[in-house]
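Reviewing the structure listed below.
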Amino acid sequence: MINIAIDGPAGSGKSTIAKAVAGRLGIRYMDTGAMYRGIAYTLVKAGISASDVPEVIDSINRTDLKVEYDEEGQHIIVDGEDVNGFLRTPEVTKMSSDSAVIPEVREKLVAIQQETAKRYDIVMDGRDIGTVVMPDAPLKVFMTASPRVRALRRKLENDEKGIPCDLDQLEAEIIARDHTDSTRKTSPLKQADDAVFLDTSYMTIEEVVDFVIDKVNKVFNTDV
Ligand code: DC
């Protein structure tokens, strides 16, 4: 079974790398952040605040979340609706981090992630994949980059999509989200003891993919 865990803070490049590595291996890629964003989208839509924990729990108990795949990749289906197009707004981004501190939110999503990892070869990225979701994954990578570099990457992505943004503000948002994600009580963003650490600040995407693929080939005896 190929189980690869890639963790790291927002904008560390983990999704790009996880997707590329899964593509090279011809296996599934699960973006767990998109699942937290799917929950966040329903909360934002219903006008529920993340600090109103009973309301959040009530809402997630009533929410049906599925992860489906087609040739375009992963789709988050909430109560029968494909919500992929609504997951990257600033409101949903902030709510995903704020609501991810609630243990009941995590339990619901971790159960789906663990079930999927048991059934499929998979590359999964997130914050707690190596520590909680797949603690036995034979390969774990913890990726990071400086907040400024991560903000710059986000800005370049936004510029390409024509979304106006301010670099200093993006950096401040990234630092705030790092703080929420790494100081929460339940499953904080943390490097697993047996994870390979990689600072991608001054690496190109190709260099990072090559680094991870080299590890994959060694750990799983593959040749991709
Ligand atoms: O990876 P991302 O930026 O799309 O994740 C959005 C938020 O979801 C992130 O700020 C924290 C939360 N998250 C989490 O708590 N655990 C994960 N495994 C993935 C994401």
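We use all heavy atoms of the structure for the numbers below, so side chains are in, but hydrogens, waters and symmetry mates are not. First listed ligand is number 1; within each ligand, the first listed atom is number 1. Remember, it's a predicted structure, so these values are computed and weren't measured experimentally.
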If the condition is side chain to side chain contact (heavy atoms under 4.5 Å, CB included), which residues does Asp178 pass it with, not counting sequence neighbours?
Pro9, Arg150, Ile174

With heavy-atom distances below 4.5 Å as the criterion, would you say the side chains of [X] and [Y] are in contact?
{"X": "Val110", "Y": "Asp128", "result": "yes"}
{"X": "Ile77", "Y": "Leu65", "result": "no"}
{"X": "Asn3", "Y": "Pro138", "result": "yes"}
{"X": "Leu198", "Y": "Met203", "result": "yes"}

Which protein non-hydrogen atom lies closest to [atom], naming both residue and atom, and how far is it?
{"atom": "atom 1 (O) of ligand 1", "result": "Arg127 NH1, 2.9 Å"}
{"atom": "atom 8 (O) of ligand 1", "result": "Tyr36 CB, 3.4 Å"}
{"atom": "atom 16 (N) of ligand 1", "result": "Arg106 NH2, 3.1 Å"}
{"atom": "atom 19 (C) of ligand 1", "result": "Thr32 OG1, 3.4 Å"}
{"atom": "atom 7 (C) of ligand 1", "result": "Ser96 OG, 3.3 Å"}

Using a 4.0 Å cut-off to any heavy atom of [X], which atoms of ligand 1 qualify?
{"X": "Arg37", "answer": "2 (P), 3 (O), 4 (O), 6 (C)"}
{"X": "Ser97", "answer": "10 (O)"}
{"X": "Asp128", "answer": "16 (N), 17 (C), 18 (N)"}
{"X": "Gly33", "answer": "1 (O), 2 (P), 4 (O), 5 (O), 19 (C), 20 (C)"}
{"X": "Lys14", "answer": "1 (O)"}
{"X": "Ala100", "answer": "12 (C), 15 (O)"}

Verify side-chain contact (heavy atoms from CB on, under 4.5 Å) between Phe86 and Glu91, making sure each step is shown before the conclusion.
CA-CA 10 Å; Phe86 307 109; Glu91 294 76 21; over 6 Å; no

At a 4.0 Å cut-off, with the gap strictly under it, does some heavy atom of Arg184 reach an atom of ligand 1?
yes

Any Met35 heavy atom less than 4.0 Å from ligand 1:
no

Kindly determine whether Ile17 and Ile205 satisfy side-chain contact (heavy atoms from CB on, under 4.5 Å), including the steps that lead there.
CA-CA 7 Å; Ile17 303 308; Ile205 292 173; 4.1 Å; yes

Applying a heavy-atom cut-off of 4.0 Å, say which part of Arg177 lies close to ligand 1: side chain, backbone, both or neither.
side chain

Asp168 bridged to Arg148 by N-O distance under 4.0 Å:
yes

Any ion pair linking Arg88 and Glu157 (charged N to carboxylate O, less than 4.0 Å)?
no

Report yes if some N/O of Asp31 lies less than 3.5 Å from some N/O of ligand 1; otherwise report no.
no

When you compare ligand 1 with Asp125, is there at least one nitrogen or oxygen pair between them that comes in under 3.5 angstrom?
no

Residue list, side chain to side chain donor-acceptor pair (under 3.5 Å) with Glu107, at least two apart or on another chain
none

